[in-house]
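This report concerns only the one structure given below.
Here the structure is a predicted model, which means the values were calculated and not measured. The sequence lines fix the lettering, A, B, ..., with proteins before strands; numbering per chain opens at 1.
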Amino acid sequence: MSVQFTLAWRYLKGRGLRTLLTTLAVVFGVTLIFGLNGILPPLINAFTRNLLSTAGKIDVSVTSSFSEPFSNTVLDEVARVSGVAVATPEVQRIAPLPQPSGATAANAVAQLNVIGVDPGTAGRVRDFPIVAGRALSTGDGNVTVLASDLAAKLGVGVGGTIDLPSSVGSTRFTVVGLLSTATLPGAEQIFVPLASAQTLFALGQRVNAVEASFLPGVDRAAVESAIRAAVGPGYQIGGLSTNSSLLASLQVSTFAFNMFGIFALATGGFIILNSFRTVVAERRRDVGMLRAIGATRGTIVGMFLVESVFQGILGTAIGIVAGWAMAAGGLAALSPIYESIVHVKVGGPEFSAGTWAMAIVLGVGVTILAAIVPARAAGRVTPMDAMRPQLGEVYERRIGTRAWIGVGLVVVSVFCLATRQPGLVGLGAVVFLIAIALVAPAVVTPLSDAFGSVIELVFSEEGGIARSNLQRNPGRSAITVTAVMLGLASIVAMLAVVTSIFAGFIGYIDKSLSADYMFIPQSIILAQGNVAAGPRLAEEVKHAPGIGAVGTLRIAHGKVAGAEVQIIGIDPKAYPLVAHFEWNTPSTDQALTQLSSGRWVIANGLYASQNNLMLGQAITIDTPNGPRVYHVAGVGNDYLNAKLATIYTSQDNLARDFNVTSDVLIMANRTPGSDPVLLRKKLDAIVTQYPAFRLYAAAEWRDSQLAIFNQTYVVFYVLIAALALPSLLALVNTLAISVLSRTREIGMLRAVGSTRRQVRRMIMAESLLLSVIGIVFGIVSGLWLGYALVLAMSSIGWPMPYFVPWDGIIATIVIGLGFGVLAALVPARNAARMNVVDALHFE
Amino acid sequence: MAIVETKALRKVYGEGNAEVRALDDVDLSVEPGEFVAVMGPSGCGKSTLLNMIGGLDRPTSGGVSIDGTDLTALTDDKLTELRRRRIGFVFQFFNLIPVLDAVENAALPLTLDGDPKARDKARTWLEKVGLGDRLKNRPDQLSGGQQQRVTIARALSTEPALVLADEPTGNLDSKSATEVAGLLRQVATDWGRSVLMVTHDPRIAAYAGRLVLMKDSRIVDDVKLDGHPDAAREAMERAGLL
């Protein structure tokens with residue numbers, strides 16, 4: 001074995017504690033990267049399976065870009081395209097099943113995907129392997145076929161019935177056949193005749209999908225583009241876009257999780273950098289001797305790099321095992337929550353080749369990278385260093401070009417923040433972290449002076465020595481501070497996102513709704529594409545004795561200058577009675593009255609600022625019925641849609657131009673003096689006819705949302721703890737190293753009369769000072785990162801306002817200081833217990 | 001042919017007002033098998049001279065040759081190779097690798113050179129310096145004198161032409177110091193290496209066969225010693241260095 005391997009191995013073995021601390025840094029980073037990437041794919045896959053589970057021979061699916069039903073003529077246009085073997089019309093809608101109040105059972109069927117098919121042609125694009133009863137046939141009425149396993153779950157057989165909610169209340173379907181296909185949890189499908197589905201969802205002669213299969217051997221891309229040309233704009237080919245916002249939010253999670261993993265590894269990188277720097281300083285004389293007796297620079301650099309490779313490989317291997325365990329444990333904890341929210345069953349952890357590659361490359365790579373600079377420094381140690389007696393390390397304070405580059409980067413990052421563009425704010429946050437890492441060595445001394453006086457209030461005698469210990473190697477202190485900062489920043493960022501999600505929802509409920517009762521589709525997240533209620537439900541509610549004002553929301557989608565926008569239909573008179581707008585000056589409630597007088601819209605703040613809208617300005621909206629010119633009556637926000645480009649118009653306009661007449665949300669107020677118990681009974685009676693909707697008193701709904709969030713919080717806390725560990729390790733590592741390298745000095749302090757307690761408190765004070773500086777940087781950059789993440793989530797369809805996590809900041813300060821104390825315990829005890837004579841002779 | 005040959009050797013540190021002349025026109029030659037002690041007050045340039053001869057530092061002007069090779073003409077790699085193969089070093093602070101045992105430490109220059117018999121050779125030398133029963137001990141399990149013996153074995157393991165010793169007894173008690181000094185004399189007389197030793201201690205210098213006295217960066221005297229314990233002290237008195 002070469003001398004580098006022997007030396008590297010012996011040093012690692014001979015300095016066990018140090019090796020352990022350094023290796024642990026790699027372990028944590030790899031665990032997070034590997035583990036989190038093992039958790040997300042099953043979640044995303046489960047969800048995607050749910051979305052794209054259209055079985056059979058369907059080659060292409062044509063749907064409306066506006067998520068609107070469309071005329072049957074599209075079917076002919078698709079069928080005429082050369083290369084298409086067969087095209088068949090379909091209606092696909094999700095129908096929620098009534099759930100017992102408070103039910104969260106994972107495997108209960110919460111909704112059915114009702115697929116209305118043309119019995120004549122459907123068999124040519126879909127498989128219907130019948131195991132009992134018969135298939136659908138032309139002329140069938142309200143009958144259905146479904147998979148036998150689903151039927152078993154629903155407790156029905158051939159001849160049994162299923163009640164489906166519809167825009168007129170509820171419709172009963174008779175089961176005529178069972179299929180042998182397996183049902184994916186969350187993708188429960190039942191097939192009904194097209195005409196029945198059209199009646200069920202009040203679509204008239206319209207359909208909302210055309211499925212086609214291609215002739216064998218055709219150029220698929222060519223046929224797809226021919227279909228695109230044939231149907232014209234306003235249709236999307238192939239993609240199923242329903243529920244894509246939840247999928248998008250999962251993808252943001254992937255990004256966020258990876259970012260946190262990389263953060264943890266970067267923290268690990270700084271720990272390793274610190275370890276190796278100290279190791280090189282400590283072994284200066286050894287290295288000098290090796291150079292003197294004939295070791296080349298290459299041999300020396302190689303020796304340190306081999307050490308880092310050993311640690312990288314070991315740390316990565318342990319990290320992968322721990323990551324696997326974390327993923328398995330995490331999924332076990334997450335699946336019940338996930339299943340109760342989106343009703344999708346989640347499998348075990350999945351690790352793609354990319355995850356393996358990323359964990360290994362980053363784990364080993366970061367370790368080697370962090371060791372390169374110290375290793376090169378070691379290579380430059382001259383043989384003369386072997387001759388000199390070893391002195392305590394004191395580094396000159398230099399504010400070099402690196403610090404100035406850091407200052408420049410701070411300016412750049414602030415500029416990025418000011419743009420409020422998600423991408424730039426995110427970039428700015430990362431640039432800011434790099435900037436801090438560069439500036440830290442220069443500012444650690446003045447900052448420790450500033451905070452030192454606070455620390456010295458508690459540690460009056462030892463604080464001063466602690467401060468100068470910290471200041472005499474600003475490089476090492478800065479690296480520790482950076483590592484602590486990275487750890488705490490990810491905690492703060494995570495808390496900012498969680499708080500924003502949480503506070504955003506609660507804020508919406510509290511501020512936007514002055515309604516006492518709400519009729520809401522079963523899962524608000526899955527509201528898109530759900531059955532909406534026809535105007536009758538709102539009418540019935542309105543006529544219930546004791547009900548005052550009733551307002552409803554309707555949703556349509558349109559395009560302005562090619563960009564999608566959601567259009568919310570409100571009743572301008574009723575809406576202000578149950579909810580309200582926060583107006584941007586100079587808009588007032590006057591805008592609401594204007595909505596009633598023609599094609600007027602209210603734009604929300606985001607949409608108005610993106611498009612530089614002015615009051616009175618004309619905008620052309622592409623509607624299912626062609627382009628229509630609207631004018632801007634006002635700019636204002638409701639909290640639900642504050643972060644999503646939204647325009648509001650009257651429900652009359654929505655009906656005329658977007659063909660939307662059904663309600664997705666109904667809000668109602670109780671008149672003063674009415675009996676709440678009686679009223680509730682009456683409303684309960686009404687809602688039972690509409691299984692798609694659930695009735696909530698506003699407070700109940702708030703509580704039900706809180707319950708879901710509280711469950712989710714637990715998962716976040718586990719993750720936060722995992723993120724926090726590397727920064728604790730960084731502190732322990734630095735302090736342990738700093739105590740080791742000062743053994744002889746500590747011996748001297750003891751010899752000249754310091755008590756054990758004073759030595760202990762000196763180390764403790766240094767640790768606290770380091771953590772305080774790390775906490776300050778960590779909070780600032782964490783808030784920034786959190787803001788970037790919230791913006792990023794908003795930009796891809798999960799709108800939320802940004803909230804500063806005050807509780808989280810206090811928690812971070814407490815955690816940071818706690819870590820400061822915790823990290824100092826062992827090194828301080830070791831320092832205090834040191835034998836004075838041994839310490840004085842320590843080499 | 002002389003093993004060590006320096007010609008008008010000069011070393012200057014710093015520039016302008018901060019200029020320090022550490023060596024000034026030093027001419028010195030050491031013959032094969034000769035044991036030379038260098039003495040002088042602190043800061044007179046002894047260690048600098050040793051560093052120049054050992055190829056650890058480069059002279060400002062003048063020449064150094066070891067065993068006929070001009071060091072000033074060598075690249076860093078060639079110089080490293082020469083140190084590895086032709087020169088042995090003994091340091092005041094031993095400078096043993098704490099995580100290696102005695103054999104591994106003594107074998108280090110040979111291991112660096114890729115010699116497959118490194119450990120056997122190291123073992124032989126450790127036995128010769130009287131550490132046959134301590135082969136597996138790490139430095140922290142050895143006394144100061146024993147550690148210095150390991151460094152002497154390490155210095156000799158490559159069969160070098162020259163052994164350089166910088167204050168080899170400076171960190172030892174007097175008993176160990178005289179043992180080490182005796183061992184260094186044996187290196188020259190019995191094993192035929194040239195030894196150049198810098199020391200502060202006249203009793204240790206008296207073990208050498210020749211004494212070079214330095215003052216103010218120059219050689220001020222160069223005398224033969226007769227092995228008498230007081231010989232070095234008397235030579236210093238004559239040169240006005242005591």
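Contact of B:Asp113 with chain A is not made at all, since no heavy-atom distance falls under 4.5 Å. Contacts of B:Leu79 with chain A are absent, with no heavy-atom separation under 4.5 Å from either backbone or side chain. Heavy atoms of B:Arg138 lying under 4.5 Å from chain A are absent altogether.
Of the charged side-chain nitrogens involved, none lies within less than 4.0 Å of a carboxylate oxygen, so that A:Arg291 and A:Asp286 do not count as a salt-bridged pair. Salt-bridge formation is not detected for the pair B:Lys117/B:Asp120: no Lys NZ or Arg NE/NH1/NH2 atom is positioned less than 4.0 Å from an Asp or Glu carboxylate oxygen. A salt bridge links A:Glu307 with A:Arg283: the distance from a Lys NZ or Arg NE/NH1/NH2 to an Asp or Glu carboxylate oxygen falls below 4.0 Å. Ion pairing of B:Arg149 with B:Glu179 is present here, as a side-chain N (NZ or NE/NH1/NH2) and a carboxylate O approach within less than 4.0 Å.
Taking the side-chain contact (heavy atoms from CB on, under 4.5 Å) definition, one finds that B:Asp201 meets it with B:Thr199, B:Arg203, B:Ile204, sequence neighbours left out. Listed by chain and residue number, B:Glu104 satisfy the side chain to side chain donor-acceptor pair (under 3.5 Å) test with A:Arg10 (two or more places apart in sequence, or in another chain).
Pairs passing the ring-ring contact (aromatic ring centres under 6.0 Å, His included) check and including a residue from residues 102-127 of chain B, sequence neighbours excluded, read B:Trp125-B:Trp191.
Annotation: cation-pi geometry not satisfied between B:Arg83 and B:Phe89 (NZ/CZ under 6.0 angstrom from ring centroid, within 45° of ring axis).
The most heavy-atom pairs under 4.5 Å with chain A, out of B:Gly54, B:Pro98, B:Ala155, come from B:Pro98. When B:Leu82, B:Leu108, B:Asp77 are compared by the number of non-hydrogen pairs under 4.5 Å with chain A, B:Leu108 comes out ahead. Comparing B:Leu50, B:Ile87, B:Asp57 by how many heavy-atom pairs each has under 4.5 Å with chain A, the most go to B:Asp57.
Within residues 295-304 of chain A, the residues having any heavy atom under 4.5 Å from a heavy atom of chain B are, by residue number, A:Ala295, A:Thr296, A:Arg297, A:Thr299.
A:Gly363 approaches A:Val26 most closely through the heavy-atom pair O-CG1, 3.7 Å.
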